[in-house]
Student: 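Have a look at this one.
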Amino acid sequence: MTSGNMPMPWLEGLNAAQKDAVLKTDGAVLMLAGAGTGKTRALTTRLAHILITGKAWPSQVLTVTFTNKAAREMRERAEAILSSPTEGWWLGTFHSLALRILRKHAEAVGLRTGFTILDSDDQLRLIKQLMDLEGLDQKRWAPRALLAIISRWKDRGLEHDKITKAQDSEFANGMAKNIYASYQDRLRILNAADFGDLILHCLTLFKKNPEILLSYQEKFRYILVDEYQDTNVAQYLWLRALAGSSGNIACVGDDDQSIYGWRGAEVDNILRFEKDYPGAEVIRLEANYRSTVHILGAADSIINQNANRLGKTLYAATKEQGDKVQVATHWSGEDEARAVVEQVEDLQRKGLPLKEMAILVRASFLMRGFEERFLETGVPYRVIGGPRFYERQEIRDALAYLRVIYQSDDDLAFERIYNTPRRGLGPSTLKTISTYGRAQNVSLYRASQELLTTDDLSTGVSKKLAGFVAQVETWKTAASSTDHVSLAEMVFEESGYTQMWQQAKTADAPARLENLKELLTAMAEFESLQQFLEHVSLVLDALESDTEDKVTLMTLHGAKGLEFKSVWLPAWEEGVFPSQRTLDESGVKGLEEERRLAYVGITRAREHLFISNAGNRRIHGRLADSIPSRFISELSNDHVEVQEGQGIGSYLGFRSIGESTFGSNSFERDDSYNTPGWKRARSFSRSGSATPQRDVEAKGNWMTSESAHDFQIGERVFHQKFGYGEIADFDGNKLFISFTSAGDKKVLASFVQRASEV
DNA sequence: CTCGGCAGAATTTTT
DNA sequence: TTCTGCCGAG
């Protein structure tokens with residue numbers, strides 16, 4: 001390299017392995033990067049290095065991530081190093097990059113320009129329609145399961161005509177394959193593609209048009225891939241096609257963090273990298289800059305139980321031994337939540353900010369107990385997860401309106417909104433429209449227009465439908481003379497959609513209105529409605545503020561890539577974690593994936609880690625006995641400390657953690673009136689200052705907090721999470737409220753407001 | 001067409 | 001326990 005003496009300030013602070021990963025730009029490179037080893041930094045620096053040293057132009061480097069968030073982060077870091085904007089770069093998620101290619105060659109794969117992208121909701125509705133058509137009983141065969149089967153086929157790069165007997169599924173006696181075929185037919189007619197198609201269509205495009213593939217192979221002189229362990233077969237083939245034979249491809253991944261096998265990810269892709277790219281360089285990043293010795297030791301003791309791995313040992317970059325991992329057994333799930341929240345408050349008292357703490361659970365139903373406890377004690381928390389922004393009902397409805405205006409033959413969008421808000425048009429009218437449409441081979445919207453000129457509809461229905469069509473026509477006209485944001489505002493208003501939510505008396509209505517506003521903000525960043533619609537389903541993300549000081553509550557899956565100073569991993573019980581269902585469905589392979597999930601959870605912690613289980617847990621409303629997870633016994637004794645004072649004894653089968661005594665049982669329901677949270681809540685309600693609140697609902701006028709004696713028994717009140725209810729009793733600053741849908745709860749007075757004031 | 005009441009199911013979900 | 005989807009009454 002001629003640049004041997006050139007100063008390279010961007011390499012500063014990297015360790016030897018990281019520098020290696022940056023400097024070996026040519027040929028295939030696999031970076032095996034353990035948790036917390038600075039892989040994103042290495043990858044971004046590599047990208048910057050290629051550009052700064054002039055090895056390629058930005059347009060000649062393909063950088064692939066899995067999430068928008070990761071893409072955004074890489075962009076920001078690259079911008080910081082290069083101090084130049086990254087617009088136009090080929091840096092993005094698999095799906096957005098594939099879409100970018102497809103938009104240029106839509107006709108080559110049987111789509112027309114401006115094709116729409118289906119999300120899971122659209123997909124499911126289509127599947128249901130097709131199952132109806134085939135006369136399949138949806139009680140016997142779950143549409144969701146069928147959709148999953150088809151999606152997995154797509155993940156494996158299989159088109160419907162490639163499904164062999166061996167790959168066919170038991171589903172409805174082999175009907176899955178047929179429905180897959182008709183599903184693809186429908187998509188083509190609708191001029192739509194689902195997420196899987198974005199990759200799959202690219203593969204078809206490359207296969208059928210070698211010259212197009214060649215042009216991309218020549219264009220992309222370097223390829224960089226993040227989270228390689230999560231790629232599915234289709235994505236793997238996509239990358240291989242683009243890398244061509246010369247293949248300057250660098251992939252970063254960690255086989256130990258592969259936790260999306262159930263979604264089609266193939267750990268095999270990473271395991272066989274060296275075979276795919278002969279002469280590939282393998283670089284191991286093993287210096288962990290995140291966690292203490294004990295935490296890494298615990299993580300290692302778990303992941304070591306897996307047989308199928310490339311093998312890599314994380315060592316702590318720090319000498320800091322830190323605290324041992326705290327392991328505790330609780331009587332019940334409620335006790336566990338109580339204990340965890342107490343620990344949270346304890347650490348907060350010692351000066352640790354809440355945003356440095358996280359509770360990571362296996363499944364979202366486990367969150368409830370913690371949420372309730374947080375609400376009761378007044379500890380601010382945020383839930384991460386739940387439906388993605390663009391998957392929310394109100395967002396999808398709003399988008400459907402815009403799609404009907406922009407592309408009136410979008411039948412899925414039409415179906416979605418033609419009776420939302422209620423206009424007295426139901427399934428039977430839809431049936432008439434769609435029968436007509438199918439006969440005349442026109443879209444639902446067109447069919448509606450034509451039907452209005454006939455007398456096939458009753459006068460009442462005809463009038464309502466005519467009103468709706470006329471409205472859409474007005475908006476279409478307005479679209480040419482109004483900017484897209486104002487148009488959207490106008491549509492939401494005139495359609496009565498905003499009003500529908502304003503009048504809704506459900507607890508989440510205010511948040512939904514807030515989301516609609518956020519949607520408008522997001523739209524403003526695009527130049528036109530068309531541009532916005534083309535990208536919205538791939539790019540739109542809820543903006544979450546991580547500046548507020550709140551405890552994070554999320555699933556283990558959601559936590560990948562994040563880190564916190566203190567982490568709690570509750571509900572380590574057989575059947576819950578590892579999940580019984582995974583064990584049943586995927587056996588040892590599933591168990592190993594669960595174990596990797598445990599590994600991911602542990603390695604999120606920088607300084608404090610708490611692992612716990614409960615002997616009794618409410619699952620589906622039923623109280624179930626449970627024994628501690630086998631993962632607890634896999635933790636190395638050297639790095640673990642069994643917490644005294646809240647255990648319930650080893651009779652539950654808590655077998656292998658040394659001979660530690662569990663201390664005396666203390667089942668005392670220690671009253672919650674002494675905790676910092678309660679005191680805080682009390683001062684809040686006096687001063688009326690910021691009150692803890694579930695994040696999504698944090699914007700509203702509820703801040704005018706009340707204290708308990710402002711209320712009367714029997715009064716109707718509103719609570720942001722639980723909705724409407726009636727006050728049954730007081731207790732200090734807490735109210736016992738009987739909620740209409742959420743049942744009886746004890747909540748802080750500062751959380752509720754008079755129903756009449758909502 | 002709409003609303004209310006009951007039966008049945010119930011992970012994880014980067015796009 | 002809690003949500004969804006279906007069926008029957010108004």
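Protein chains get the first letters and strands the later ones, always in sequence-line order, with residue 1 at the start of each. Values below: every heavy atom of this structure, side chains too, minus hydrogens, waters and symmetry copies.
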Student: Would you kindly give the CG-to-C1' distance between A:Asn68 and B:dT15, to the nearest whole Å?
Tutor: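 Going from A:Asn68 (CG) to B:dT15 (C1'), I get 8 Å.
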
Student: Using the ring of A:Phe115 (Phe, Tyr or Trp, six-membered ring only), decide whether A:Arg103 places NZ or CZ under 6.0 Å from its centre and within 45 degrees of its axis.
Tutor: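 Yes, a cation-pi geometry holds between A:Arg103 and A:Phe115.
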
Student: Between C:dT1 atom P and A:Glu334 atom CD, what is the distance in whole Å?
Tutor: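 One finds 12 Å between P of C:dT1 and CD of A:Glu334, rounded.
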
Student: For a quick check of understanding: with a heavy-atom distance under 4.0 Å over all strands, which category does A:Ser96 fall into, base, sugar-phosphate or nothing?
Tutor: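 No contact at all - A:Ser96 keeps every heavy atom at 4.0 Å or more from the nucleic acid.
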
Student: Please check if the number of heavy atoms outside A:Lys463 that lie under 6.0 Å from its NZ is greater than 12.
Tutor: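 No.
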
Student: Is the distance from OP1 or OP2 of C:dT1 to the nearest side-chain N or O of A:Arg368 less than 4.0 Å?
Tutor: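 So the side-chain polar atoms of A:Arg368 never come under 4.0 Å of the phosphate oxygens OP1 or OP2 of C:dT1.
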
Student: With heavy atoms under 4.0 Å as the rule, sort A:Lys128 into base, sugar-phosphate or nothing.
Tutor: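 Sugar-phosphate, no base atom in range.
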
Student: Heavy atoms, side chains only, cut-off 4.5 Å: are A:Tyr228 and A:Leu239 in contact?
Tutor: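 They are in contact (side-chain heavy atoms under 4.5 Å apart), so the answer is yes.
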
Student: At under 4.0 Å between heavy atoms, which parts of nucleotides 2-12 of chain B does protein reach? Answer with one letter per nucleotide, 5' to 3': B base, S sugar-phosphate only, - none.
Tutor: SS------BBB

Student: With a non-hydrogen cut-off below 4.0 angstrom, is A:Ser428 in contact with a base, only sugar-phosphate, or nothing?
Tutor: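 Sugar-phosphate, backbone atoms only, no base.
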
Student: Roughly, in whole Å, what's the span from CD in A:Glu227 to P in B:dT14?
Tutor: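 So the two atoms are 13 Å apart, to the nearest Å.
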
Student: Measure centre to centre between the rings of A:Tyr236 and A:Trp238, then say whether the value is under 6.0 Å.
Tutor: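 For A:Tyr236 and A:Trp238, the ring centres are not under 6.0 Å apart.
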
Student: Taking atom C1' of B:dT15 as reference, at what distance in whole Å does atom CG of A:Leu200 sit?
Tutor: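 Between C1' of B:dT15 and CG of A:Leu200: 14 Å.
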
Student: Between atom CD in A:Gln235 and atom P in B:dT14, what is the gap in whole Å?
Tutor: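 It works out to 14 Å between those atoms.
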
Student: Can you confirm whether or not the ring centre of A:Tyr418 sits under 6.0 Å from the ring centre of A:Phe468?
Tutor: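 Between A:Tyr418 and A:Phe468, the centre distance exceeds or equals 6.0 Å.
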
Student: Take atom CG of A:Asp121 and atom P of B:dT13, then tell me their distance rounded to the nearest Å.
Tutor: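 Spelled out: CG on A:Asp121 to P on B:dT13 is 17 Å.
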
Student: Can you list everything that forms a side chain to side chain contact (heavy atoms under 4.5 Å, CB included) with A:Thr37? Sequence neighbours excluded, please.
Tutor: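 Once residues adjacent in sequence are excluded, the partners of A:Thr37 under the side chain to side chain contact (heavy atoms under 4.5 Å, CB included) criterion are A:Ala33, A:Leu285, A:Leu314.
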
Student: Measure the distance from NZ on A:Lys463 to C1' on B:dC1 and round it to the nearest whole Å.
Tutor: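 In whole Å, B:dC1 C1' lies 18 Å from A:Lys463 NZ.
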
Student: Atom NZ of A:Lys464 to atom P of B:dC1: distance rounded to whole Å?
Tutor: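 Between P of B:dC1 and NZ of A:Lys464: 8 Å.
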
